Every structure is written in structure tokens, then in C-alpha cells.
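What you see below is based on every heavy atom in this structure, not just the backbone, and it leaves out hydrogens, waters and symmetry mates. Values in this document were obtained by computation on a predicted structure and should not be read as measured data. Residue numbering restarts at 1 for every chain, and letters A, B, ... go by the order of the sequence lines.
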2 protein chains.
Amino acid sequence: MKLNTKSRYAVMALADMAVFSTSKAVSLRDISLRQGISLLYLEQIFLKLKKNNIVKSIRGINGGYILSKSPKDIKISEVLLALDQKVKTIGCKKDSKKSCNGKSSKCITHNFWDELDLHINSFFESKKLSDLLKNKESRI
Amino acid sequence: MKLNTKSRYAVMALADMAVFSTSKAVSLRDISLRQGISLLYLEQIFLKLKKNNIVKSIRGINGGYILSKSPKDIKISEVLLALDQKVKTIGCKKDSKKSCNGKSSKCITHNFWDELDLHINSFFESKKLSDLLKNKESRI
DNA sequence: CAAAACTTGACTATTTTAGTCGGGTATATA
DNA sequence: TATATACCCGACTAAAATAGTCAAGTTTTG
């Protein structure tokens, strides 16, 4: 059970911005160097973050990105959603006829997987970008 | 973020056994038909369940599998472990030198991912096979 | 002995992932 | 106003993981 790198890098990059950006834009080049993430890959990621209004871009020389909101108002669940990273631990859809291995009735374990998804989503829903920055002595 | 089908089928199959098996062995053929899972695939899965002492096999005609323990003593975490399905949401290892994108220092978000893994694992740890069977009116 | 059912390792097609590539466009500053 | 810097965006691809299948057994009961 893994998270893809796009989602992970997105969170890393945003955390980086929250730490290093004061008021001026942060260039992807800087993030790339600090976090060891490919610049070209970051571009792909930030395109989605921008579309979902998590960051704003400033073009031209001295340009870069800034956070659209305060870190304490950015939920991790938002970020994952922007990256199309859905938590859907199993395939069969709740409301589809064609589900649960082709049977119309819910498979015996169906509710369990729904519960699992809920459990994970609630975690992402509860965490804000600002929570990641209290790095030392992280209070759980 | 997905669970692989092997883990899912394993849980489904065990739940099936818990429901349909009284005392006699359940053949994979029966599980295959009831749950719509390929017989050949089930064989692969049960090999691992057997190695990890979650089920016992009975060979020969009228053979099959029985649960090694009572459903209320089988934790879902055990089942996933048997299938090598580790919850490791990101790649970088806690104690490795080569981690967090090649930097020796922990990446800024490292603690967060650890927390996430813990959160998911505790769910699997807390759930028993028997919990899946109280299907209607599932109490969370 | 024959059939049912478990045993095991190897193989493979498909899908997903994790990026790269190429060719843009906008803008601040010299 | 030239140009370097940095964002913009779709298309492409190599490698890995997934989801199985296949072949060739062994064991046990009727």
C-alpha cells in the first residue's frame, strides 16, 4: 500500500515553500535543488496545484510560486485531490451495478473496505500543511 | 492509494470460509465459485496463508482448507502480512543513510508519513476477521 | 486406481508509475 | 527592447508492479 511520488513530492514542495517563502515567490528551481526533486517533474506537479488553486504563479524573471492560502488553511486532503490521488483501497464501486466481482450484491467485505477508506481519508482531512512544520516534538 | 487484489481476495476468501465453513474443510473451488475469484489465483494466495499458519490444508478428495484459529482471533494485519502487503506509504526508510531523496537528514515531511503508516496499521491491527461478519448495522 | 484437491515455481500480458522531452509564453531588468 | 529566467503544457517512454495463467506435480479418499 503506497502513496505515489507525485503526491509525496507535492506535499514536500509545499512544506518547503511554507518554510522558505516569506513573501516573495519561490522558484521551482530552488525547490528542486533543496528537496532533490526533478525540476521537470515539479513543473507537472505545480500545474495541478495551480489549477486547484493551492498555489499562485508569478511569471517572468524573478517569478515563481506562492501559496494561495496560509499553511494552516491548506488541508492535505486538498493536495491529494489536486493530484488525482484518490484513496480507494479496492476497486468495486459503491453504487455501480457492475461491482464486487460482477455480483450485484455487495461482497461480504464491502463495508470493511469502505470503513478503511474513511479511516484514511479522515486522517488527510484532519491534517493541515502547518501541522507538518512543527517537526521536532511532533504532537500526535 | 490502493490495496492490491491479492490482499483483498485473501480477506474475502477468509470471510467466506468463516461464514460457510462449519467444521469441514472448504475447497478453493467452492470459494472460487462463490466469490468470483480465479481458482488458480486463489491457490497462490492460500499458499501464503498456509505458510503463515492462518489456514490449514487437508489434502485429497474432500479436502480443502480450514481456519487455523477462530475468526475473532485472526487480525486483518496478520493476513496482510502473510501476503507481503506492507503499509509503507512512501519509499524512504527510517534508518537508512540513503533516504529522503539522497539527503542524510530526514526530509521535512518524514514524520508525517510515519504517522500516516501508523494510522493505517493501527486500523488493520484493531480489526478481526469476525468484525467483518457483522455485516448489517456495522458498528464503527 | 482414479478423481478431487492441494503444491509449487515459472512465466506473461497489461497497467501503472515515474519520470523526460520539446516546444512554447510571459515578464522583469539591464 | 533584448534576453534570460521561469512558468506552461501536451506527448512520449522505460521500467516496475500487478494480476493473473500455465505446467507439472503430490497426496489422499472412495
A.B. asks: Under 4.0 Å between a side-chain N/O of A/Tyr41 and OP1 or OP2 of C/dT17, yes or no?
C.D. replies: no
A.B. asks: Could you give all pairs that pass the ring-ring contact (aromatic ring centres under 6.0 Å, His included) test and reach residues 45-71 of chain A, with sequence neighbours left out?
C.D. replies: A/Phe46-A/Tyr65
A.B. asks: Sort and list the pairs that fulfil side-chain hydrogen bond (donor to acceptor under 3.5 Å, both in side chains) and have at least one residue in residues 36-45 of chain B, not counting sequence neighbours.
C.D. replies: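 Those involving residues 36-45 of chain B are B/Thr5-B/Tyr41, B/Lys6-B/Gln44.
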A.B. asks: What is the distance from CG of B/Asn4 to C1' of C/dT17, rounded to the nearest Å?
C.D. replies: 16 Å
A.B. asks: So, using side chain to side chain donor-acceptor pair (under 3.5 Å) as the criterion, who are the partners of A/Lys69 when residues are at least two apart?
C.D. replies: A/Glu78
A.B. asks: Of all residues at least two apart in sequence or in a different chain, which pass the side chain to side chain contact (heavy atoms under 4.5 Å, CB included) check with B/Lys128?
C.D. replies: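 So B/Lys128 forms a side chain to side chain contact (heavy atoms under 4.5 Å, CB included) with B/Lys75, B/Ser130, B/Asp131.
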A.B. asks: Output the rounded distance in Å from CG (B/Leu39) to P (C/dT7).
C.D. replies: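 B/Leu39 atom CG is separated from C/dT7 atom P by 13 Å.
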A.B. asks: Contacts to DNA chain C from residues 44-59 of chain A, heavy-atom cutoff under 4.0 Å, which residues?
C.D. replies: A/Gln44, A/Arg59
A.B. asks: Distances under 3.5 Å between protein N/O atoms and the N/O atoms of nucleotides 11-16 of chain C, please, pair by pair.
C.D. replies:
none

A.B. asks: Using salt bridge (Lys or Arg N to Asp or Glu O under 4.0 Å) as the criterion, list what pairs up with A/Asp84, not counting sequence neighbours.
C.D. replies: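 Per chain and number, A/Asp84 pairs via salt bridge (Lys or Arg N to Asp or Glu O under 4.0 Å) with A/Lys48.
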A.B. asks: Let me know the distance between OH of A/Tyr9 and P of C/dT17, rounded to the nearest Å.
C.D. replies: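 Atom-to-atom, A/Tyr9 to C/dT17, this comes out as 14 Å.
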A.B. asks: So, A/Phe123 versus B/Phe112, ring centres under 6.0 angstrom or not?
C.D. replies: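 Yes, the ring of A/Phe123 comes within the 6.0 Å limit of the ring of B/Phe112, centre to centre.
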A.B. asks: CD1 of A/Ile61 versus P of C/dT25: gap in Å, rounded?
C.D. replies: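 A/Ile61 atom CD1 is separated from C/dT25 atom P by 19 Å.
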A.B. asks: Quick check on DNA chain C: between A/Lys6 and A/Leu40, whose nearest nucleotide comes earlier from the 5' end?
C.D. replies: A/Lys6
A.B. asks: Applying side chain to side chain donor-acceptor pair (under 3.5 Å), can you list everything that pairs with A/Asp117, at least two apart in sequence or on another chain?
C.D. replies: A/Thr89
A.B. asks: Under the side chain to side chain contact (heavy atoms under 4.5 Å, CB included) test, which residues partner B/Ala25, sequence neighbours left out?
C.D. replies: B/Ile58, B/Ile66
A.B. asks: With sequence neighbours excluded, what pairs up with B/Lys50 under the salt bridge (Lys or Arg N to Asp or Glu O under 4.0 Å) test?
C.D. replies: none
A.B. asks: Report the distance from atom CG of B/Asn62 to atom C1' of C/dC6, rounded to the nearest whole Å.
C.D. replies: 13 Å
A.B. asks: When you list every nucleotide of DNA chain D with an atom under 4.0 Å from a heavy atom of chain B, which one comes first 5' to 3', and which comes last?
C.D. replies: D/dA19 to D/dG30
A.B. asks: Taking only residues two or more places apart in sequence or in another chain, which ones pass side chain to side chain contact (heavy atoms under 4.5 Å, CB included) with B/Leu67?
C.D. replies: B/Leu14, B/Met17, B/Ala18, B/Val55, B/Pro71, B/Ile74, B/Leu129
A.B. asks: Are the side chain of B/Ser32 and the backbone of B/Ile37 linked by a donor-acceptor contact shorter than 3.5 Å?
C.D. replies: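 Indeed, once roles are kept as given, a pair shorter than 3.5 Å links the two residues.
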A.B. asks: Please report the distance, rounded to the nearest Å, between NZ in A/Lys86 and P in C/dT17.
C.D. replies: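 So the two atoms are 12 Å apart, to the nearest Å.
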A.B. asks: Atom CG of B/Asp30 and atom C1' of C/dA4: how far apart are they, to the nearest Å?
C.D. replies: 12 Å
